[in-house]
Every structure is written in C-alpha cells, then in structure tokens.
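Notes to accompany the following structure.
Each chain gets a letter, A, B and so on, in the order the sequences are listed, and its residues count up from 1. The figures here come from the full heavy-atom set of this structure, side chains too, leaving out hydrogens, waters and symmetry mates.
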Number of protein chains: 2
Amino acid sequence: MAKTSKSDLSTEEKIKEAARKVFTQKGYAATRTRDIADEAGINLALLNYYFRSKEKLFEIIILEKMHLLLGRIAPVLMDEKTTIEQKVEQIAEHYIDTLMANPDIPLFVLGEIKTNPAKFATLINTKTKIVDSAFFKQLKARRPDVNPIHFVFNILGLIIFPFIGKPLLQLITGVKPAEIHMLMNERKTHIKIWVEAMLNA
Amino acid sequence: MAKTSKSDLSTEEKIKEAARKVFTQKGYAATRTRDIADEAGINLALLNYYFRSKEKLFEIIILEKMHLLLGRIAPVLMDEKTTIEQKVEQIAEHYIDTLMANPDIPLFVLGEIKTNPAKFATLINTKTKIVDSAFFKQLKARRPDVNPIHFVFNILGLIIFPFIGKPLLQLITGVKPAEIHMLMNERKTHIKIWVEAMLNA
DNA sequence: ATAAAATTTAATCATATGATTAAAATACTT
DNA sequence: AAGTATTTTAATCATATGATTAAATTTTAT
C-alpha cells in the first residue's frame, strides 16, 4: 500500500480530478485510460498503480456523481414538516445550481445506469423507499386521481431535461450559452410555479 | 457496386437492423462491429463490404433515429392553423407512441449529439428556423413575459425525460415495466392539461 | 548521510478491434 | 450448361488499449 506522505493525496487526487473530467465528458466506453493519464499529467502506469484498473477508478467517480445527483433528494422528500411546494422549491434550486456547475452529470449518470442497471441496483441504498416518503403521501393526498410518479417525472424532467437537451436545443434554436445560463437561473423560480399549476390542473 | 438481385436488400437490411439494435442500445463507442455482425448473423467482413466502415454505418443509423426524434416536430410547429394546445396534444401523442416503440432513442441521439455537436450542426437543416415558427409566435403572444424556449424545454422534458429517467426511476421506486407502460400512456392526455396549466400560471 | 519505503517512469505484453484480402460459394445472364 | 458477376467467408493485418513489470527516482525515517 502506498499511503503515508502528503504528496500521495495530491497525485491520487490529480488522477481522480482528471478521471472526473474525462469520464463525465465522454462516458466509460469512450474514455481511454491514456486520456486520463495525459489530463492528469502523469504516466499511464501510475493510474493502475493507484486505482488498480479503469473499472475501479470509474466506480469511484460514478458513485461520486450519483451521490451528487441523488444524495440531496432523499432527505428533502422524507421531510414531514415541509409542504409539497417547499420541497419542489428546495429541489429545483439545489439541482439547478448543482447542474449548472456540473452540466455533464445527468447524461453521464443516466447513461451509465442504463448500460448496467444491475451494478447500481445494489448501490442505490435509498432503502428508505421514496415511494413511502412524506412527499409521496402528500402528493397522494393532494391528487388522489394521479399516480405520484407522474409528478416525480414532471419535476425531474423540468429540472434535468434542459441540461440533457441543451446541445440539441442549441442546434435547432441557435440559442447562445449565455442565454441558456440565464434561462436555467430563471427556471429556479418558474418551476415552483409551474409544478403548483400542474398540481391544481 | 453490389446491387442487382433482390437478396441484396435483405442482407443489407439485416445488417442495418442489427446496427439499429446494437448502436441504440450501447452507443457508438461501446459498440463492436463484431456485435453487429453476430446480431445480423453474418460475417464481419460483410459489414465493411456493404457499409465501408463502422463510422459510415453509424451515420446512416443515427440519421434515421434523429429523423424519428425530430422529423415530425417541425411541420407541427410551423402550422399556422392550429392552436398551441392542439400542437402540444399532437406532439405529445405522436412522441409518446414513437418513444414507447423506441425507448432507447432519446439517450442515444442526445448522447451522440453531445459527443459531436459539430457533426450534427450541418445535418440539422431545420433551416426553417424553429424560433420563427408559428408556435414561437403563439407562445410569445400568450406569454410575452416568458421566454418561449422555457416552454419548449418543458414540453420536451415532460415527454422525453421519463424515457431517459426510466432506469433510474425503476431503481429508486421499484416501479414495474408494466406500470411504466401504463404511466406513459396516461401522460399522452395529462401533458396537454399540464402544459395548459403552465401557460396560464 | 544512509537505508528503507514510496513514487514515478519507460518499455513491453496480451488482447480487442476495425479493416482488408484473397479465395470459395452462390446467383444471374445468355 | 457455361461463364460472368455478385455475395459470403476464413484468415490475417495493423493499430489501439488496458494492464504489468522492472528499474530509476524521490521521499521519509533513523
């Protein structure tokens, strides 16, 4: 085991940082371990020395990113003391900020989950089943006629889809990155209102 | 050129059909030409004989799929004679049906566009700029205070996101494929109502 | 300062992968 | 049926890629 001095952390972290960038940008299959090594400014062997294999390094990164995409959602949904509207507001604001700082994450995480759902089945220990959350109960009480999962799809779609569809929308509308940035910020307040409207529709 | 008898079409189509399946399922980078050949029940060399290269075959397939994802949208948006609500209804019904039959398409197309936006910039000759469409004009008239692109994101998000988020939602909610299928059908009517509610919010 | 431990590198390996080639098999034309 | 064109295959090539090894360098402890 190579783990005592301080500089270790630095080199190990350099590799992880490079891996974050390359993996999230290109996905597992399109990523070459040499790209990561180059990006980190280190030799290829070093990557295998520290992380044993591409697969192992990937698992570290994807877990991080999944946590970033999902970690904050469970506690908000479980909270018995907040209203539906407050939960939506919290989730929208938090996610849009997070995704503006990490726009590659949704396509990366959702793509890799689709590639290998079995691997993540064990990982997602949101054992505190979301279907039993306060949020689901509140949705069922508010709209007994609509499956709560619809509203989960709606809220996540309103928040996440723009980040996934951005490259396409840029192509077909010619909208500029600066404008997109502004739109994303606007959505933080709009989504709350839109979801409320859908709940009353 | 190998193109006279009738059986040609059959073999060529067998390869294309296999390519559709493997490419859309795994994406370009994770696809091995040998997988396609095996899936088609033919020899690897045959693939290069007919399509010259993996890249060329891929371009044929991705163009097909992009057309499936985008081809129907432009004429609906351009139609001066239909209302916003009618457009939303048409698009929702058409896309949900199309995506239920081709659930891999959104992640595939949006992923590949992100990988190589430049390649598709030329391809998307929706020169009939969507920002000048009747739909955009109608949205601006109805809600001068909201950028129409918001509603494009919303509508596409409501329609497409469930297909992209499905694997994740299955993991965190345990919802079964049969139930998902039912939900997708329900959304065809719900989305129309939800969008109307958002427009009035 | 010296020895041991940890880190980094260059070189190399084994396999995977896209592509090509030349020959065999099949279909088509007359 | 014979000859030509087309289709298909098995074998092979060249390169890319993940991983390993052994040696060199640097760091740490005494």
Can you tell whether the side chains of [X] and [Y] come within less than 4.0 Å, N to carboxylate O?
X        : Y        : value
B:Arg32  : B:Asp38  : no
B:Lys137 : B:Glu80  : yes
A:Lys119 : A:Glu112 : no
B:Glu17  : B:Arg20  : yes
A:Asp104 : B:Lys114 : yes

Whole angstrom is fine here: how far is it from [atom1] in [X] over to [atom2] in [N]?
X       : N      : atom1 : atom2 : answer
B:Leu47 : D:dT9  : CG    : P     : 12 Å
A:Tyr50 : D:dA19 : OH    : P     : 18 Å
B:Glu12 : D:dT6  : CD    : P     : 14 Å
B:Ile42 : D:dT9  : CD1   : P     : 7 Å
B:Leu57 : C:dT17 : CG    : P     : 17 Å
B:Asp38 : D:dT9  : CG    : P     : 12 Å
A:Arg32 : C:dG18 : CZ    : C1'   : 13 Å
A:Lys54 : C:dT15 : NZ    : P     : 18 Å

- request: Determine whether the side chains of B:Thr82 and B:Lys87 contain a donor N or O and an acceptor N or O closer than 3.5 Å.
  value: yes
query: Do you see a donor-acceptor pair shorter than 3.5 Å between the side chains of A:Asn147 and B:Glu179?
result: yes
Would you tabulate the pairs of protein nitrogen or oxygen atoms and nucleotide nitrogen or oxygen atoms of nucleotides 20-26 of chain C closer than 3.5 angstrom?
none

statement: So side-chain hydrogen bond (donor to acceptor under 3.5 Å, both in side chains) across residues 153-169 of chain B, not counting sequence neighbours, yields A:Arg187-B:Asn154
Base D:dG18 to side chain A:Arg34, donor-acceptor N/O within 3.5 Å cut-off: yes
- request: Mind listing the closest non-hydrogen atom pair of A:Ser53 and A:Asn48 along with its distance?
  value: CA-OD1, 3.8 Å
message: Taking 4.0 Å as the cut-off, does a side-chain nitrogen or oxygen of B:Thr33 come that near to OP1 or OP2 on C:dT17?
response: no
statement: Residues in residues 21-30 of chain A with a heavy atom under 4.0 Å of DNA chain D, by number, are none
